[in-house]
Each structure stands twice: as C-alpha cells, then as structure tokens.
K.L.:
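Take this structure first; my questions come after.
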Amino acid sequence: MIHPTPRLRFAPSPTGPLHLGGARTAMYNWAAARAMGGTFLLRIEDTDQARSTDASLQVILTGLRWLGIDWDEGPAFEGCGGGDYGPYFQMQRLPRYRAAADRLLAGGHAYPCYCTPEEIDVGRKELEAQKAGFYGYNGRCRNLTAEQRAAFERAGRRPNLRFRMPVARVLQVHDLVRGEVEVNTKELDDWVMLRPDGVPLYNFACVVDDIGMQITHVVRGEEHFLNGVKQHLLFEAFGAERPAFAHIPLILNKDGKKLSKRDADTNMLDYRDKGYPPEAVFNYIALLGWSFSGDRDLFTRQEMVEVFRIEGIGKSGAKFDEEKLRWMCGEYVRRWTPAECLERARPWLATVPAEAFTQHRAWLQNVIACYQERIALLGEFQDRIGWLLADPVADEAAQKNLAKDPASRQWLAAYADLLAAGNLPPSYPADRAGADEAVPLPSKKDAPEPVCAFDTPSRIEAATRAFTEQLGVKFGSFVHPVRAALTGTDKGPGLFDVVFLLGKDACVRRLRAAAAG
RNA sequence: GUCCCGGUCGUCUAGUCCGGCCCAGGACCCCAGAUUUUCAUUCUGGUAACACGGGUUCGAAUCCCGUCCGGGAUACCA
C-alpha cells in the first residue's frame, strides 16, 4: 500500500497563469481528496528554469485560493501549506533526483546520452524519411561501450541521462476515466530524465516525487496520457507501487481547440477582477466534464465533495460556454443578502464615496439590492448606479421618452411640486434618518397603502397614482418621462424605488430640469 | 505519418457498464405567453439531439464492426 489514506496532488508549473483547465484539474484532485477523506497537496514543478517565474507562482496560488481550493501540504500561502513531505518545489529537491538517477543507472534502466540537439534532430529526420511512423530519439547512445563513453567525455561532452525503454512491450494501463488501455512501448522513445546540470525533466521528477510524497491517485489532463505510460515503466524500474491514474479530457475553447495558457481570457484572476463570484466559477468549471446529477446544475463546494468520484468524470472534451457561466454568476449574486452583496461588490464601487459605506450603509444596501437581479458580475454595479450619485445625462431612450408627449413637461413640473411638498426622505449624501433601514428594497407592489405620504415606495406609488388621476394622465404614460428625467435611461428598478432612493432634492431638481427642457 | 481517446439538442450534460421504464430527461441560449411603470427577476409553454452505415436481438442511444468527424500525443516543456 502506498499510503493508508488517499494522497492527491496538483502539480502546476509556474510558467504562466492559472487557467481554466488547470483550475479544473486542481479542483478535481481537491474534490477527490476531500471526498475520500484524504490529503490534497500542491507541488510546484519549476524545473523549466527558463520559463518559471515567481509572478506566475503567486498568480496560481492566489487563483486557487480565490476559487476556494485549499491545500494541506505545499507552499505556505494564506494559511495553506506545510507538510512533512517537502520541500514542495522541485528545484529544491535536486539531490533526490540525482540519487534516484544513480539507482536507475546502476540497475541498467538508464544510460548516458552524449548526442547534441543537432544530432538528435538529424536522427529524427532520418526516421521521418524512412516513413517509420514514429519520430522519436533513435537510440544512438543506447549501447555505447565504455570506451566510446570515455571518448565522448574526453571530447568534453556532458551527457543527459535517458531512460532505457523496453523494446516493443505491450502494456496494459488502467485509467480511472478511460478504463483499460493497451500501449506498445515502440510508440515511445528513450526519453531524457536528467540534464547534465542535474535538473530533472518532467516525467522523471514527477515520478520521483510521486513516490517520495506517497501519491495514491494522479488526476491530470489527457495530454499526459502517454507520459503516464512512461511513468508506468519508471515506477516499475524503481520497484514502486503505482498510483491510480485518471486522465481527463481537455477544456476546449469556442473553436473546439485546446484552451491555451496564452489566452488572456483564461487567466483565473481576470475572472476575479471582473467580479465573477468565485463560487459560480467553481460551480461552472466543475460541470465541464463532470455532473452533479442529471437534473441539478447549482451546488456548493461542500455538496460537490459529498458526491464526487473520479470515475464520474466524463471522457469527452467540453467547450467553455461563457453564457452559461454568466447565468450562473447571476444565480449566485441573487442569492446573497443585500448586506453580503454590498460587501462583495465594494472593491468595484470606486465611485461611491467611502463614507457612504459607513454613514449611509442602509441606503447603499438598498441601492445594491435593487440591482442584484439585474447584474451577473460584481463589476457591473458601478455603471448601473451612476445616476444615483450624480445627475445623469439622458441617453437616447430617455430623450425619446421625454419628447414623446409635449404635455409631459407640465406633468413633470407638477410632480416636482408634489414631491417638494411631501415628506420624501432627503437625497444622499444628506442623512436620511433611518428611512432606508425601515424600508427594504426592492419594494413589493402588492399592497400599496392608501395613504398620501412619501416615506415609503408604496406610499409614493399610491400618492402618484392619485396624482395622475387628478391630472387626467394615464399612469403608464406618466411613468416613462419621469423615469427618464430621474435616471437618464429607460431601464432600472421600479420607479417608486427610484424616487425613494433618490430622495427629495434630487428628484425635484431633476424633474424641474427636465420640465424646463 | 503513427498511436491513444472521444462523438446524445447550438452549448454543458443524464441515460450507455447490467439492451426494453427513452418516439431520449435537466440546464444555458433562443422563441412565445403570463405578471408589470421600464429593464430585470419570476412563472408557463415551445423549437431543438442519440454523427453515418452495417450487423446481433423479439427489441439498441445502449452490444459488435466499418466509415466519417473532432481532440490529444509524438521535446534536453510541463
């Protein structure tokens, strides 16, 4: 037994941001570990020194935490990390690879290769010319004599270490997602394990660490399937028990192609910055290749952990659908309480004065509440609520509504007078004296109270309806120019929520301005 | 080229292992209607799929074969 409890890892290379595919792989590993009561760890595969950066590492760790994925072992970050199997950075484990390589060398499973990249290229071209159907390394150094090796050494060549692959051996590989797959080793060449400078390559470092960290299940993208076969042999050469493997299909872009790291839209932190709710992104990504059940799309991380099984992951690739993600974001935003929503949206509300969050919190909460069902991303509040903070410029639709009926000028002026005389709460930033605590918005219009006062939206509505009757104007035609005058547009919350929120001074000022044309 | 995997509504999928409950269910999108002071939300209804061709079987989305299409792999990247 590798370990009495399951141990799964996500092993990103810090050569780019965390993208959707990586996030999903991490999530599946995480969910499987949590579902089985095991351990989830993060191992940083930073052996590509040319491309690895600390910035990428930070982006990856930040992205994972943002999604709500935590790790028991790995780099220390926001309360995650630590563990007894470290270090968790491969560049800090170099001596282990050297020692492991020496064991393989001694056992005849590996050999030094003195070929230069150019020579390898030539060999590959020859195979190609022969139409061999396979273009890997030709095995030139596979059976070098001691003298030949010495000659290369004298010539100053420093060898790579290659793994000696069995010739034409048929392997049965079991995969938790794909089932039983047969692979012939003639499809694989003698691959490089260790560079002359002692820095290992992916397959080698991966297996040494999976053994060292007692990994029990390997869940990763299907681009690693053939690597899995190479690794299969390596575990065997080390005399180590093999973990269970699961190779999951890739996430495809709109064109059905592999989602690329270079695609800016796939950077996890871009989603964060645009105000996508992380639990929605988590929920959505989980569904790309896995399903909670036949008839349910919305679930929490905890609920996923309760039912997740690696075997439940699908075999076919999934295209990323921005529209469904967006819908899901809206679902989450609508579920929050206004207070929670305001707190979450705060980073995107740069134009809202800081004191509003303390002095006029109830008012702000009502503002947010009125837009919760109208937006999907937190970043969308800002533009929508601009009319509340400064007198708006009427857009095209508003101008049209203002110009529709020439008589509307008089209604607007009269309505301004009506509001001016009533007890409508004052406009922000004046203190609204608890009006907003008393009246949660958006208000229901089921029960308009027949009282002609202006301290709640329903009373404003009642008063306004009475007013239009008196004026002899159809309620419907009255409402549109008023909305246009007040908000500068033709969309938004119920008109009397608008009036209530805007308050007396601003309402009167805007109505009179519109009346004056 | 060669090897591996896949192919159910436009998209994500349930069903496929253990053929009949599936003239295929859910969700997004789209369309229509209801509610309504706009937008949105909500509710109701609708359009829409088993890639194709052969088998096996009383019966196939489900099993077998072939074709086509898609994806992945084939590095001194991971």
Side-chain angles (χ1 to χ4, degrees), chain A residues 11-16 45-48 50-52 113 115-117 120-121 124 127-128 131-137 160-162 173 175 177-179 181-184 186-189 191-197 199 201-203 205-206 220-227 229 247 249-250 252 254 256-258 261 284 287-298 314-328 330 334 370-375 384 397 401 442 445 461 464-465 474-480 482-484 487 489-496 498:
Chain A
S13 70
T15 53
E45 309 212 328
D46 52 358
T47 56
D48 185 344
R51 295 193 300 143
S52 292
C113 168
C115 293
T116 62
I120 291 167
D121 204 42
R124 187 171 293 127
L127 285 174
E128 231 166 301
K131 298 229 189 307
F134 171 74
Y135 314 138
Y137 173 62
N160 284 312
L161 242 42
R162 284 186 188 270
V173 182
D175 190 282
V177 168
R178 296 193 175 195
V181 183
E182 226 173 59
V183 182
N184 193 314
K186 73 181 179 194
E187 304 298 331
L188 274 6
D189 62 357
W191 46 278
V192 175
M193 303 177 346
L194 206 62
R195 297 182 177 100
D197 60 4
V199 177
L201 268 80
Y202 170 67
N203 282 298
C206 182
R220 81 241 290 197
E222 73 176 10
E223 73 267 29
H224 288 296
F225 183 81
L226 218 50
N227 287 326
V229 178
H247 290 92
L250 275 16
L252 280 8
K254 260 207 184 80
K257 303 288 183 213
K258 180 178 175 178
K261 270 184 191 176
Y284 178 72
L287 249 18
L288 258 20
W290 178 80
S291 76
F292 183 86
S293 71
D295 57 5
R296 191 168 152 199
D297 282 335
L298 267 18
K315 288 193 185 71
S316 53
K319 286 182 190 166
F320 178 70
D321 180 7
E322 175 68 37
E323 288 202 276
K324 186 157 183 177
L325 204 211
R326 209 191 136 71
W327 162 78
M328 203 169 268
R334 264 171 256 137
C370 281
Y371 280 94
Q372 254 179 286
E373 65 191 30
R374 283 166 237 268
I375 60 111
R384 304 293 185 91
N401 283 341
K445 39 191 169 295
E461 174 167 2
T464 304
R465 282 185 186 274
K474 253 179 66 190
F475 184 70
S477 24
F478 175 81
V479 142
H480 298 294
V482 172
R483 169 183 297 282
T487 69
T489 184
D490 66 338
K491 306 170 180 24
L495 184 62
F496 306 106
V498 164

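A quick note: this is a predicted structure, and the numbers were derived from the prediction, not measured. Note: hydrogens, waters and symmetry copies are ignored here, and every other heavy atom, side chains too, is used. Proteins come first, then strands; the chains are lettered A, B, ... in the order of their sequence lines, and each starts at number 1.
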K.L.:
What residues form a side-chain hydrogen bond (donor to acceptor under 3.5 Å, both in side chains) with A:Thr489, not counting sequence neighbours?
P.N.:
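So A:Thr489 forms a side-chain hydrogen bond (donor to acceptor under 3.5 Å, both in side chains) with A:Asp395.
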
K.L.:
Sequence neighbours left out, what passes side-chain contact (heavy atoms from CB on, under 4.5 Å) with A:Arg384? Give chain and number order.
P.N.:
A:Tyr371, A:Arg374, A:Ile375

K.L.:
In chain order, what residues pass the side-chain hydrogen bond (donor to acceptor under 3.5 Å, both in side chains) check against A:His224, with sequence neighbours excluded?
P.N.:
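A:His224: side-chain hydrogen bond (donor to acceptor under 3.5 Å, both in side chains) contacts with A:Tyr202, A:Asn227.
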
K.L.:
Just jot down the side-chain contact (heavy atoms from CB on, under 4.5 Å) partners of A:Val479, sequence neighbours excluded, or say none.
P.N.:
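For A:Val479, the residues satisfying side-chain contact (heavy atoms from CB on, under 4.5 Å) (neighbours in sequence not counted) are A:Phe475, A:Leu495.
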
K.L.:
How far, in whole Å, is B:U2 from B:A14 if one measures between their P atoms?
P.N.:
33 Å

K.L.:
Enumerate, atom names and distances included, each donor-acceptor pair closer than 3.5 Å involving a side-chain atom of residues 315-325 of chain A, sequence neighbours excluded.
P.N.:
| unit_1 | atom_1 | unit_2 | atom_2 | d |
| --- | --- | --- | --- | --- |
| A:Asp321 | OD1 | A:Glu323 | N | 3.1 |
| A:Glu322 | OE2 | A:Tyr276 | OH | 2.6 |
| A:Lys324 | NZ | A:Asp297 | OD2 | 3.2 |

K.L.:
Using atom names, set out every protein N or O paired with an N or O of nucleotides 9-11 of chain B below 3.5 Å, distance rounded to 0.1 Å.
P.N.:
none

K.L.:
Any side-chain heavy atom of A:Arg162 within less than 4.5 Å of one from A:Met193?
P.N.:
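Of all side-chain heavy-atom pairs linking A:Met193 with A:Arg162, none is under 4.5 Å.
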
K.L.:
Take nucleotides 17-23 of chain B nucleotide by nucleotide from the 5' end and write B, S or -, depending on whether a protein heavy atom sits under 4.0 Å from the base, only from the sugar-phosphate, or from neither.
P.N.:
-------

K.L.:
What interatomic distance, in whole Å, is found between C1' of B:A78 and the corresponding atom of B:G19?
P.N.:
43 Å

K.L.:
Taking only the P atom of each, what is the distance from B:G46 to B:A24 in whole angstrom?
P.N.:
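13 Å, rounded to whole Å.
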
K.L.:
With sequence neighbours excluded, what pairs up with A:Arg195 under the side-chain contact (heavy atoms from CB on, under 4.5 Å) test?
P.N.:
A:Asn160, A:Asp197, A:Val199, A:Leu201

K.L.:
Excluding sequence neighbours, so at least two apart, what forms side-chain hydrogen bond (donor to acceptor under 3.5 Å, both in side chains) with A:Asn184?
P.N.:
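If we apply the side-chain hydrogen bond (donor to acceptor under 3.5 Å, both in side chains) test to A:Asn184, skipping adjacent residues, there are no hits.
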
K.L.:
For a quick check, with a 4.0 angstrom heavy-atom cut-off, what is the B/S/- contact string for nucleotides 62-72 of chain B, read 5' to 3'?
P.N.:
---------SS

K.L.:
Going by side-chain hydrogen bond (donor to acceptor under 3.5 Å, both in side chains), name the residues that satisfy it together with A:Glu222, two or more places apart in sequence or in a different chain.
P.N.:
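Counting only residues at least two positions away or on another chain, A:Glu222 forms a side-chain hydrogen bond (donor to acceptor under 3.5 Å, both in side chains) with A:Arg178.
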
K.L.:
What distance, rounded to whole Å, do you find between the two P atoms, one in B:C69 and one in B:A61?
P.N.:
25 Å

K.L.:
The criterion is ring-ring contact (aromatic ring centres under 6.0 Å, His included); which residues satisfy it with A:Phe292, sequence neighbours excluded?
P.N.:
A:Phe299

K.L.:
Would you mind pulling out the nucleotide paired to B:A27, Watson-Crick or G-U wobble, both distances under 3.5 Å?
P.N.:
B:U11

